[in-house]
Amino acid sequence: MNPFSTLGIRHDIVNAITDLGFENPTPIQEQSIPVLLSGSNDFVGLAQTGTGKTAAFGLPLLELVDFEQNYPQALILCPTRELCLQITNDIKNYSKNLSNVNVVAVYGGASITDQLRQIKRGVQIVVATPGRMLDIINRKAIDFSKVRYVVLDEADEMLNMGFQEDIDVILSTTPNDKKTWLFSATMPAEVRRIAKKYMTDPHELTMGKQNTGNANIDHEYFIVRARDKYAAFKRIVDFNPEIFGIVFCRTKIETQEIAESLIKDGYNADSLHGDLSQQQRDKVMKRYRERSLQLLIATDVAARGIDVNDVTHVINYSLPDEIENYTHRSGRTARAGKSGVSIAIINSKEVGKIRQIERVIGKKFTKIEVPSGFDVCEKQLFALIHRVHNVEVNEAQIESYIPRIMADFAELTKEEVIKRFASLEFNRFLDYYKNAPDLNAPQQDDRFSERGERVPRAGRAANSDYTRLFINLGSVDDFTRGDMLGFICNNAKISGKAIGKIDLKGVYTFFEVENSVAETVQQNFKSVDFKGRDVRIELAGDRDGGGREGGGGSRERRSSGSSGSRERSGGYRDFSGKRRDDRGGSSSRSSGGDRERRKRF
Ligand code: AMP
């Protein structure tokens, strides 16, 4: 029997695809056709192009659509006109021995009149790019109220091309009980989100070679002193609020200890090592798969073969003894086309080992600095804001409480309410990190960043395309750096992102702005006053001889290895995330200013 017949494809279609040279199903077809033929599942398939995925959804559609009826029953959305034409053509080829099959290709850049005419004649399968489809919907030229299947092909590409909103509108015209089949080569967070939004409990399949995603792994290392390792590790975790990671240790004892410390410190963590019984290991793995655990602390042996697809970070708390094991470890992330990060926390003597690993994996590591306490607080704050933004509101449940809640907040402005909500969780991090020291190991120079490039901090690339400006307001005017940032943004009408270092002094301040907005800042400040005083903005070079005394040289000083500022924990980040060491003022004033800014955050 023909293998496609075995999968449930009718004779006429099998004959047609045999003519196309399809003798055996490709792996994706083999796995998805039986599932899709049942017609009862939503479906997510991770598949690259060229794997035969058009037939994987096209053949089941031909089995499920009722060609006796001449109204739209299936809608296939894809990102490009080329793909649209190709899918249409393929489906026509597969169905050449069937009667009454009407497939229409709807795409931009071609006559809409022809497409409208074809639709009017009656179609069962519409293959479309989102823009043109929406156009036709807006003309009320198509009725999707009886659509039973929607295919989102190359969903990642459609999102990349900005079709999210169009897709939303198009899908809102289809019935709620249709089945949605989503195909994507990669599964970034946005695709996950639409999968979640449009589907119920989808059947998920990953096609092709697992972990072809090695190119999708970023390798990073942090250099810390041995005694700071655990604290640095926690900071890295805190800096990644959505982390779902596997942490590798060298020994069972280390694994156990780290897991216990993490649990004690309030993290969702547990250990996996050879001293656990099979039952205990299964239990840990079950919790990890279900995401009740955020961090799995494991030895190499115990973690071998762990096959969890959404791991965001692999952390080498200790580097493996065998370099080959690094590949096994890092391969736990970036699976199934996703991207991931593999991190090594090392001491300065281990840099040579990183170079060895680079040779084995054929990829460079990036040296990253341990985020400062301020970086972590900022990251956590915005993660919280993001969660608030995206939280699903259960209107029915909360409705009856709303009048009381509103009454409770009646006295507060919207801004005050927001501040209080944000502070609920944020204060915890502020308290913990308020005196957080720099955890980066001191180095003589940046000899390890070969090629002489500047080392990025906490994921941000160093960028020196700034102009340094002077303003005649400072801390005596009751400005904190945060206040100053706001003051500059508001009056210069620029985004905070365009502002670099802010070096707050007593009666004046130096600050950096991106070169492209330097002129705008000076112009827009011309008519600004502060409590009746003229505000002056000037190029700082005219004032401080190009940064001789101010913080402009702080980066150079810091990398010269002085640990003084680090030890007294006067080092901090300003709002641009750049390290500063405020030599301009006394250390007590510096940290006092920092505290002040946090209080007002
Ligand atoms: P697709 O990923 O759908 O673009 O398919 C990639 C190529 O593989 C196309 O040229 C298809 O015609 C071809 N193809 C798909 N399925 C099979 C099969 N079972 N046997 C041989 N060729 C196939």
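We use all heavy atoms of the structure for the numbers below, so side chains are in, but hydrogens, waters and symmetry mates are not. Whatever order the structure lists them in is the order used to number ligands and atoms, beginning at 1. The first residue in the sequence is number 1, and the count goes up from there. The structure presented is a predicted model; accordingly, all values stated were derived computationally and were not measured.
- The shortest N or O to N or O distance between T54 and ligand 1 is below 3.5 Å.
- Residue Q86 has at least one heavy-atom neighbour below 4.0 Å for each of these atoms of ligand 1: 4 (O).
- The proximity of N24 to ligand 1, defined as any non-hydrogen pair under 4.0 Å, is limited to the backbone.
- Between D238 and R235 there is no salt bridge, since no side-chain nitrogen of the basic residue lies less than 4.0 Å from a carboxylate oxygen of the acidic one.
- Closest to atom 18 (C) of ligand 1 by heavy atom, among Y94, F57, F22, is F22.
- Ion pairing between K96 and D19 holds under the 4.0 Å rule for side-chain N and carboxylate O.
- Ring pair F244/Y288: centre-to-centre distance below 6.0 Å.
- Listed by number with element, the atoms of ligand 1 under 4.0 Å from a non-hydrogen atom of F4 are 19 (N).
- For K367 and Y221, the positive end is not near the middle of the six-membered ring at less than 6.0 Å and at most 45° from its axis.
- Aromatic ring centres of F43 and F57: separated by at least 6.0 Å.
- Those atoms of ligand 1 that come under 4.0 Å of a heavy atom in T26, given as number and element, are 16 (N), 17 (C), 18 (C), 19 (N).
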